[in-house]
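What follows is a short report on a single structure.
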Amino acid sequence: GIIRISGEKSIQVAQSIFKSKSGKMIKDYNARTLIYGTVVDNETKIPDIVVFVNGFPLVVCELKSPSRENTDTSEAYNQLKKYMQVIPTLFNYNAFCVMSDMSISKAGTITASEDRFMEWKTTDGSYESTQWADFTTFFEGIFDKKRFIDILKNFIVYSIDSTTKIKILCAYHQYFAVNKAVNSTL
């Protein structure tokens, strides 16, 4: 199916859909085509990847080409912020965002400043190659099905700073340390 967002023009975008047979756990992955985007000032705004879980757009990814000299993850961050302004309904259920130029890949929340977006440097918590995180390590590490569900359920928190709510996504080392501590006490 095609989903149209009221009041916005729709554009096709690459994405992944996670389906649930029980409604509680993600059972399988299916790729489908979904139209989600908008036109602002005669310019099309299309997120590169939107990850859907049970029909909800939970992750928005902006990817930049490493071959373009003047484009990097800062440009991806700026593009994500632009999407938040021009396609705000895309972020109603957002868990976190991803920005990548294939050499640097980072995740953060919609309230995070660019310096709070963090790399995911391991796929299994071994910490053996954490000096340089790569594109594959990031995506396999954070989007492992079991880990992704655990992050969604247990590792995104909110804090109130004076009058502002801040959404916080755990860093990779926090995720593995907390799970190790919990498992050692059970």
Side-chain angles (χ1 to χ4, degrees), residues 5 7-8 13 15-16 18 24-26 36-38 40 45-64 71-123 125 127 130 133 135 137-183 185:
I5 302 159
E8 298 173 351
V13 50
Q15 51 73 40
S16 298
F18 299 80
K24 295 183 182 184
M25 292 288 290
I26 296 171
Y36 213 127
T38 191
V40 176
K45 301 295 179 196
I46 309 169
D48 292 321
I49 299 171
V50 178
V51 178
F52 288 81
V53 176
N54 297 333
F56 293 99
L58 296 186
V59 180
V60 177
C61 304
E62 184 62 21
L63 310 175
K64 295 300 177 188
T71 304
D72 58 10
T73 56
S74 289
E75 184 62 31
Y77 176 81
N78 292 335
Q79 191 65 47
L80 286 167
K81 287 298 184 184
K82 181 91 159 186
Y83 294 148
M84 290 176 209
Q85 293 171 356
V86 299
I87 319 172
T89 54
L90 178 61
F91 297 90
N92 286 351
Y93 302 99
N94 183 268
F96 59 89
C97 299
V98 171
M99 58 185 192
S100 178
D101 66 1
M102 292 191 71
S103 64
I104 299 172
S105 299
K106 297 181 176 185
T109 68
I110 58 175
T111 62
S113 58
E114 184 178 357
D115 66 326
R116 298 306 304 159
F117 273 64
M118 301 293 173
E119 294 177 292
W120 196 275
K121 297 182 177 185
T122 181
T123 58
Y127 305 108
T130 57
F135 184 81
T137 300
F138 177 88
F139 282 92
E140 288 178 1
I142 204 165
F143 288 107
D144 169 78
K145 185 166 47 172
K146 183 179 176 187
R147 187 172 305 121
F148 182 63
I149 293 167
D150 194 26
I151 291 168
L152 294 176
K153 288 171 61 177
N154 302 309
F155 290 92
I156 297 173
V157 297
Y158 292 88
S159 176
I160 297 177
D161 179 18
S162 64
T163 60
T164 306
K165 277 188 184 176
I166 300 169
K167 189 175 194 176
I168 303 167
L169 172 68
C170 70
Y172 76 96
H173 60 280
Q174 294 166 326
Y175 174 83
F176 289 107
V178 167
N179 276 317
K180 185 176 181 179
V182 169
N183 290 335
T185 60

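Every heavy atom of this structure was used, including side-chain atoms; hydrogens, water molecules and symmetry mates were not.
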**Message:** Applying side-chain hydrogen bond (donor to acceptor under 3.5 Å, both in side chains), can you list everything that pairs with Glu75, at least two apart in sequence or on another chain?
**Reply:** none
**Asked** With sequence neighbours left out, what residues match Val178 under side-chain contact (heavy atoms from CB on, under 4.5 Å)?
**Response** Phe155, Val182
**Request:** On the 0 to 90° scale, with breaks at 30° and 60°, tag the Phe143-Phe139 ring pair as parallel, tilted or perpendicular.
**Result:** parallel
**Item:** Any residue meeting side-chain hydrogen bond (donor to acceptor under 3.5 Å, both in side chains) with Asn179, in chain and number order, not counting sequence neighbours
**Value:** Asp150, Tyr175
**Item:** By side-chain contact (heavy atoms from CB on, under 4.5 Å) - contacts of Leu169 (at least two apart)
**Value:** Phe96, Ala107, Thr109, Ile151, Ile156
**Request:** Could you tell me which residues satisfy ring-ring contact (aromatic ring centres under 6.0 Å, His included) with Tyr77, sequence neighbours excluded, listed by chain and number?
**Result:** Phe117
**Request:** For Ser100 and Met102, work out which heavy atoms get closest and say how close.
**Result:** OG-N, 3.0 Å
**Asked** Any side-chain heavy-atom pair from Ile142 and Ser105 closer than 4.5 angstrom?
**Response** no
**Asked** By salt bridge (Lys or Arg N to Asp or Glu O under 4.0 Å), which residues pair with Lys106, not counting sequence neighbours?
**Response** none
**Message:** Under the rule for side-chain hydrogen bond (donor to acceptor under 3.5 Å, both in side chains), what residues qualify as partners of Thr185, not counting sequence neighbours?
**Reply:** none
**Asked** Residues in side-chain hydrogen bond (donor to acceptor under 3.5 Å, both in side chains) with Asp72, at least two apart?
**Response** none
**All side-chain contact (heavy atoms from CB on, under 4.5 Å) counterparts of Thr123, not counting sequence neighbours** = Thr137, Glu140
